[in-house]
Amino acid sequence: MKLIEHPDREALTLAVAQHITDALGMALNTRDRAVLCLPGGSTPLPVFKALAAARLDWGRVVVVPGDERWVPADHARSNARLIRRNLIDEGAAAELVELYTEGLDPDAGAAAAAERVAPLLPLSVLMLGMGDDMHTASLFPGAEGLAAALAPDAPAVLPIRGEALAEPRVTLSLPALSSAPEAVLMITGADKRVALDRAAGLSPEEAPIRAFWTGLVVHYAD
């Protein structure tokens, strides 16, 4: 794991956007398409908007959420909606592959999403977020489905449930997420830094972000 500290959040945003732009550019130089996996939440939104202005052949880029709440694509809590509004609608004409499927429950929906995601693997670039509880994507400590999602033979997408979660979720599994040769974690605030330091001494079951430690580049600002 490599930690890069930035003086403020504006510098952090610019650095993360440039990191991802460079990695996508390298991927497009060697492959017909690049696959970018993005997190939800509010922290990465400025990065999405900065990425939209990047000079990339977005028509050759496929974007997939790292996880999704089991809500319709137009729901305010949908990660796909967040990505669409802040990246694609801002000018990045990439293809968005959604995880949610109307009319299916999370179990059947995860299986359907896995069929869509598996042909996209390996990912080219992975951007992660992290909660104070050290979860990433929808890999939550203690969640129902975590062990299955961390298994080396896990399918590309699996359902996740937990008492602390407002709704069921689906998530890309560890094998799918870790298929990316370039993995970037963006965190802000002292609490996240404390959580990151704590994760170093824990197992992936206790701190799922720990499963990505090897090769992970962490960009941080207070």
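FYI, the numbering just counts along the sequence from 1.
- In this structure the side chain of Glu98 never reaches within 4.5 angstrom of the side chain of Val64, judged on heavy atoms.
- Closest of all the heavy-atom pairs between Ala176 and Ser179 is O-OG, 2.7 Å.
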Going through the distances and angles, do Val63 and Leu87 end up as a side chain to side chain contact (heavy atoms under 4.5 Å, CB included)?
CA-CA 10 Å; Val63 179; Leu87 177 68; 4.1 Å; yes
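- Remark: Glu115 engages no residue in a side chain to side chain donor-acceptor pair (under 3.5 Å) (not counting sequence neighbours).
- Nearest heavy-atom pair across Leu82 and Gly41 is CD1-O, 3.4 Å.
- Proximity of Leu146 to Leu139: side-chain heavy atoms (C-beta onward) are separated by under 4.5 Å at one or more points.
- Residues satisfying the salt bridge (charged side-chain N to carboxylate O under 4.0 Å, His left out) test with Glu90, not counting sequence neighbours, are Lys49.
- You'll find the side chain of Leu99 reaches within 4.5 Å of the side chain of Val117, heavy atoms only.
- Of the possible donor and acceptor atoms, one in the side chain of Glu68 sits under 3.5 Å from a partner among the backbone N and O of Asn79.
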Side chain to side chain contact (heavy atoms under 4.5 Å, CB included) between Asp22 and Leu24, intermediate numbers included
CA-CA 5 Å; Asp22 291 346; Leu24 285 175; over 6 Å; no
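- Contacts of Leu165 classified as side-chain contact (heavy atoms from CB on, under 4.5 Å), with partners at least two apart in sequence or in another chain: Phe140, Ile160, Arg169.
- Here the straight-line distance linking atom OG of Ser173 with atom CG of Asp153 works out to 9.5 Å at 0.5 Å rounding.
- Shown here are the side-chain contact (heavy atoms from CB on, under 4.5 Å) partners of Asn29, two or more places apart in sequence or in another chain: there are none.
- When all heavy atoms are compared, the tightest approach of Trp58 to Ala52 is NE1-O, 4.3 Å.
- Of all non-hydrogen atoms in Gly131 and Ala195, the two that sit nearest each other are O-CB, 4.4 Å.
- Residues passing the side-chain contact (heavy atoms from CB on, under 4.5 Å) test with Ala112 are Thr101, Leu104, Arg116, sequence neighbours excluded.
- Taking Tyr220 as the reference, nothing meets the ring-ring contact (aromatic ring centres under 6.0 Å, His included) condition, with sequence neighbours excluded.
- The closest donor-acceptor contact from the side chain of Arg60 to the backbone of Arg31 lies under 3.5 Å.
- Hydrophobic clustering (side-chain heavy atoms under 4.5 Å, transitive across Ile, Leu, Val, Met, Phe, Trp, Tyr) groups Val125 together with Met127.
- At a threshold of 4.5 Å between side-chain heavy atoms, the hydrophobic network of Ile, Leu, Val, Met, Phe, Trp and Tyr places Leu38 and Leu56 in one connected group.
- Residues Val157 and Thr171 form no side-chain contact, since every pair of their non-hydrogen atoms from C-beta on lies 4.5 Å or further apart.
- Separating the CG atom in Asp132 from the CE atom in Met134 is a distance of 9.5 Å, to the nearest 0.5 Å.
- The main-chain N or O of Pro46 is never found under 3.5 Å from a side-chain atom of Thr13 such that the two would form a donor-acceptor pair.
- The two residues Arg9 and Asp222 have their closest heavy-atom pair at NE-O, 3.0 Å.
- Looking only at distances, no side-chain donor or acceptor of Ser78 sits under 3.5 Å from a matching main-chain atom of Asp74.
- Between the side chains of Ser203 and Glu206, at least one donor N or O lies within less than 3.5 Å of an accepting N or O.
- Contact annotation: the side chain of Leu126 approaches that of Phe212 to within less than 4.5 Å [non-hydrogen atoms, C-beta and beyond].
- Counting heavy atoms from C-beta on, the side chains of Pro72 and Tyr100 come closer than 4.5 Å.
- Applying the side chain to side chain donor-acceptor pair (under 3.5 Å) criterion to Asp107, with sequence neighbours excluded, gives Arg161.
- Looking only at side-chain heavy atoms (C-beta outward), Cys37 and Leu177 come within less than 4.5 Å of each other.
- The two residues Leu121 and Ala156 make their nearest non-hydrogen contact at CD1-CB, 4.2 Å.
- Cluster annotation: Leu172 and Val170 are assigned to the same hydrophobic cluster (Ile/Leu/Val/Met/Phe/Trp/Tyr, side-chain heavy-atom contacts under 4.5 Å, transitive).
- No salt bridge links Glu205 with Arg210; every basic N to acidic carboxylate O contact stays at or beyond 4.0 Å.
- Looking only at distances, no side-chain donor or acceptor of Ser124 sits under 3.5 Å from a matching main-chain atom of Ala27.
- Under the 4.5 Å side-chain heavy-atom criterion for Ile, Leu, Val, Met, Phe, Trp and Tyr, Leu3 and Leu202 are members of the same hydrophobic cluster.
- Taking 4.5 Å as the limit, some side-chain heavy atom of Leu96 sits within range of a side-chain heavy atom of Ile83.
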Residues 184-192 side chain polar contacts: donor-acceptor under 3.5 Å, at least two apart:
residue	atom	partner	partner atom	Å
Lys192	NZ	Met130	O	2.9

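- Pairs of residues two or more places apart, or lying in two chains, never qualify as salt bridge (charged side-chain N to carboxylate O under 4.0 Å, His left out) while including a residue from residues 32-46.
- Between the side chain of Arg84 and the backbone N or O of Asp89 there is no donor-acceptor pair closer than 3.5 Å.
- Under the side chain to side chain donor-acceptor pair (under 3.5 Å) criterion, Asp57 pairs with no residue at all, not counting sequence neighbours.
- Under the side chain to side chain donor-acceptor pair (under 3.5 Å) criterion, Arg81 pairs with no residue at all, not counting sequence neighbours.
- Atoms OG1 and CG, from Thr30 and Leu28 in turn, are 8.0 Å apart once rounded to the nearest 0.5 Å.
- Shown here are the ring-ring contact (aromatic ring centres under 6.0 Å, His included) partners of His219, two or more places apart in sequence or in another chain: His6, His19.
- Both Ile20 and Leu12 sit in one connected hydrophobic cluster of ILVMFWY residues. Membership requires side-chain heavy atoms under 4.5 Å apart, directly or through other members.
- Atom CE of Met26 has 12 or fewer heavy atoms from other residues, nucleotides or ligands within 6.0 Å.
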